[in-house]
Each structure stands twice: as C-alpha cells, then as structure tokens.
Amino acid sequence: MSTPTKPATTGPAPEAASASESAYGYRAGRTLPLRVELVRQLKRRRTLVMGAILAVLPFVLVVAFAIGGEPEGPGDRITLMDTATASGANFAAVNLFVSAGFLLVVPVALFCGDTVASEASWSSLRYLLAAPVPRARLLASKLAVGLGLSLAAMVLLPLVALAVGTVAYGWEPLAIPTGGSLAPGTAAQRLVVVVAYIFVSQLVTAALAFWLSTRTDAPLGAVGGAVGLTIVGNVLDAVTALGHWRDFLPAHWQFAWADAVQPNPEWSGMIQGTAVSVTYALVLFALAFRGFARKDIVS
C-alpha cells in the first residue's frame with residue numbers, strides 16, 4: 001500500500017520554518033551577503049549611468065562658466081553662485097547647491113526605490129525568498145546597499161567638483177558671500193559636514209522610495225512616486241501662507257547646510273532638519289519592513 005503524500009501548504013514565507021527543519025549548515029545571517037548584493041547593483045546599467053552623470057556635471061559647469069563669463073546672482077544680492085569661480089572649494093559648494101534640490105534626489109530614489117521592485121518585476125523575488133533568504137534579511141541587505149550607493153553618489157559629486165575646481169580656479173580659501181573666508185583645510189572639513197547633512201536630509205526620499213518599492217512590482221512607480229512626493233514637499237514649502245507648518249516639512253530644511261559654511265557656523269537649523277528627516281525616515285522604514293513581512297509574494 002502506498003504511503004499518502006503530505007499535502008502542500010503555503011505559508012507566508014519559507015523563512016517561517018523552525019530551526020530544526022533547516023538544512024544542515026544553514027545560517028540565516030549568512031544569506032544574501034552585502035558584498036554579493038553590492039556587486040549586483042554596481043554592475044547594473046542605471047548605476048553606471050547615474051555615476052557618469054554626477055561625474056560629468058562639474059566639467060559641464062566649468063565649461064559653462066568659461067563660455068558665459070563670471071557667474072552672477074539675482075539682482076544686487078551676492079549669493080554663493082557669485083563666488084563659484086573664487087576657488088575649488090567654492091566651486092564644490094556651488095555644485096552641491098545646484099544639485100541638492102533635485103539632481104541628488106534622483107539617485108537616492110533610484111537606488112532605494114528600484115532595489116526590491118526590480119526583483120519583483122523580474123519574477124526573481126520569490127526565488128530569493130525560497131533560497132531561503134529571510135524577508136527581514138533581504139530588506140536589510142537591499143536597504144544597506146541602496147543607502148550606501150546613495151551616499152557614494154553624494155560623495156562623488158563634490159569630490160570630482162573639488163578636483164576640477166582646484167585645477168581650474170586654484171586651491172584658495174572658500175570665499176563667503178556675506179564676507180570673510182575659510183581656509184582651504186577648514187573649508188574641506190565643512191564640506192564633509194555639508195555632504196553628511198545632505199545625505200541625512202535625503203533619508204526621507206530614500207525611505208519613501210524603499211517603502212513604495214515593497215508595495216509595488218513596478219520599479220518606475222516606486223522611483224517616480226518618491227521623486228514626485230519630494231517635489232510636492234518642495235512646492236508646499238514655497239507656500240508661505242502655511243507659516244510655521246512648513247517647519248514639519250523636510251524640504252524646509254534642505255538648505256540649512258549653508259549655515260555650516262560661515263565663519264561662525266550655526267547648527268540649530270541643521271539639528272532641526274536632521275530631527276525631522278530621521279523621524280519621517282524611521283516611520284517609513286518601519287512601515288516597509290512591517291508590510292513586506294506580511295505581503296503575499298507572487299512574483
């Protein structure tokens with residue numbers, strides 16, 4: 001008499017099996033190593049294209065200044081743009097200034113929003129989980145790599161700009177539009193602070209993109225949704241009728257880093273901006289992990 005087979009069951013995820021049912025030598029913490037995920041993402045065309053765009057931007061600005069002459073700010077007011085050609089440090093600061101509002105939003109949304117949704121669009125997500133890679137482990141690896149690539153993008157731009165600007169305009173003190181200057185060494189340290197703050201301020205976009213990536217199988221929807229919501233935040237911040245309500249918008253503090261490139265830096269705006277951005281980001285990251293843990297993966 002043949003032995004009846006056990007009916008197949010469908011659970012929320014393969015990782016729900018107990019440790020006693022796991023294969024010999026299996027360690028959940030060793031699945032999908034960060035190195036493997038990083039190499040996969042670095043080889044993707046969108047990563048290479050985005051890196052090339054950020055690396056080329058400083059050269060484009062140098063050519064633009066060479067063709068158009070000295071940069072001029074609006075009206076009689078002296079702005080950071082007016083000092084773009086004063087030194088390599090000034091040129092790097094201007095590159096961050098013109099990029100922080102939108103250009104740097106794109107790689108953050110791309111690297112964090114495309115990561116999970118792309119696996120679903122390729123129908124490879126369920127096979128990763130069947131490996132078995134625990135859901136929390138998969139999200140943590142992809143989020144860490146996405147944030148790492150986002151930070152690398154933000155570091156790449158000022159580094160290339162500083163090198164290009166130094167060759168074009170010299171290693172001189174950073175000229176401050178309101179008067180005074182910062183020694184080159186001090187200016188380089190302040191630029192590190194600026195990049196760190198811009199990264200923190202972009203955590204909201206990263207969290208939005210990552211959360212949307214766990215909710216949809218369309219990478220473009222996750223990336224576009226995060227960029228679109230970030231733009232909406234910028235528009236709302238421009239509505240002065242909102243008054244103090246704008247203090248709760250991450251976009252309201254995105255240029256608070258300008259206070260760091262002063263003879264006597266002011267940190268209060270950056271502290272408030274950091275608190276707002278981190279709060280939003282933590283909530284959205286928590287929603288992403290919670291929702292993905294209960295999601296029925298069919299692709």
Side-chain angles (χ1 to χ4, degrees), residues 73-74 77-81 83 89-90 92-109 111-113 143 146-148 150-151 153-155 157-158 174 176-180 182 186-212 225-288:
R77 183 166 55 92
I78 299 177
T79 65
L80 185 63
M81 184 63 72
T83 64
N90 279 92
V94 166
N95 274 262
L96 288 172
F97 178 76
V98 300
S99 305
F102 180 75
L103 180 59
L104 290 179
V105 172
V106 176
V108 174
F111 295 142
C112 294
L143 178 58
L147 291 177
S150 300
L151 178 60
M154 295 182 188
V155 172
L157 176 62
L174 188 150
I176 300 173
T178 56
L182 296 175
T186 302
Q189 295 174 6
R190 298 287 180 85
L191 288 176
V192 171
V193 174
V194 169
V195 172
Y197 177 76
I198 292 176
F199 174 73
V200 172
S201 67
Q202 294 293 345
L203 284 178
V204 179
T205 300
L208 270 172
F210 191 70
W211 174 64
L212 291 173
V227 172
L229 289 173
T230 301
I231 293 175
V232 169
N234 291 334
V235 172
L236 289 176
D237 183 57
V239 180
T240 55
L242 290 176
H244 292 296
W245 287 104
R246 294 187 300 161
D247 294 346
F248 297 98
L249 296 173
H252 186 66
W253 307 101
Q254 64 179 334
F255 292 109
W257 58 263
D259 295 334
V261 287
Q262 301 293 334
N264 297 311
E266 174 62 44
W267 306 109
S268 60
M270 297 177 66
I271 292 173
Q272 293 181 67
T274 298
V276 171
S277 297
V278 170
T279 300
Y280 277 105
L282 288 177
V283 171
L284 289 168
F285 285 141
L287 288 175

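Remember, it's a predicted structure, so these values are computed and weren't measured experimentally. The first residue of the sequence shown is numbered 1, and numbering continues consecutively from there.
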**OP:** Measure the spacing between CG of L147 and CZ of F199 and express it to the nearest 0.5 Å.
**Re:** 5.0 Å
Original post:
Are the side chain of R190 and the backbone of A260 linked by a donor-acceptor contact shorter than 3.5 Å?
Top reply: yes
Original post:
How many angstroms lie between CZ in R246 and CG in L249, if you round to the nearest 0.5 Å?
Top reply: 8.5 Å
Original post:
Do you know which two heavy atoms are closest between A258 and V261, and how far apart they sit?
Top reply: O-CG2, 3.1 Å
Subject >> Taking every non-hydrogen atom, the tightest pair across A207 and L284 >> reply: CB-CB, 3.5 Å
Subject >> Nearest-0.5 Å distance, CG of residue L203 to CG of residue L282 >> reply: 8.5 Å
**OP:** Kindly indicate, with the supporting measurements, whether the criterion side-chain contact (heavy atoms from CB on, under 4.5 Å) is fulfilled by M154 and V108.
**Re:** CA-CA 9 Å; M154 295 182 188; V108 174; 3.3 Å; yes
Original post:
Checking W253 side chain against D247 main chain: does a donor-acceptor pair fall under 3.5 Å?
Top reply: yes
Original post:
Could you give the distance from CD1 (I176) to CG (L182), rounded to the nearest 0.5 Å?
Top reply: 4.0 Å
Original post:
More than 12 non-hydrogen atoms from neighbouring residues, nucleotides or ligands closer than 6.0 Å to CH2 on W245, yes or no?
Top reply: no
Original post:
L143 and F285: which non-hydrogen atoms are nearest, and at how many Å?
Top reply: CD1-CE2, 3.5 Å
Original post:
Between L191 and P158, is any pair of side-chain heavy atoms under 4.5 Å apart?
Top reply: no
Original post:
Can you name the closest pair of heavy atoms from A89 and A187 and give their distance?
Top reply: CB-CB, 4.0 Å
Subject >> side-chain contact (heavy atoms from CB on, under 4.5 Å) between T279 and F248, worked out >> reply: CA-CA 10 Å; T279 300; F248 297 98; over 6 Å; no
Original post:
Got a second to check how far N234's CG is from L229's CG, nearest 0.5 Å?
Top reply: 11.0 Å
**OP:** Indicate whether the side chain of Q254 and that of D237 have a donor and an acceptor atom separated by less than 3.5 Å.
**Re:** no
**OP:** Calculate, to the nearest 0.5 Å, the distance between atoms OH and CZ belonging to Y197 and F255 respectively.
**Re:** 10.5 Å
**OP:** Dump the intermediate steps for side-chain contact (heavy atoms from CB on, under 4.5 Å) on W257 and I198, then the final yes or no.
**Re:** CA-CA 7 Å; W257 58 263; I198 292 176; 3.9 Å; yes
**OP:** With side-chain contact (heavy atoms from CB on, under 4.5 Å) as the test, would you mind laying out the steps for V200 and M270 before giving the verdict?
**Re:** CA-CA 10 Å; V200 172; M270 297 177 66; over 6 Å; no
Original post:
What is the minimum heavy-atom distance between A109 and T205, and which atoms define it?
Top reply: CB-CG2, 4.1 Å
Original post:
Are T230 and F102 close enough that some pair of their side-chain heavy atoms sits under 4.5 Å apart?
Top reply: no
Original post:
How far apart are the closest heavy atoms of N95 and L157, and which atoms are they?
Top reply: O-CD2, 3.9 Å
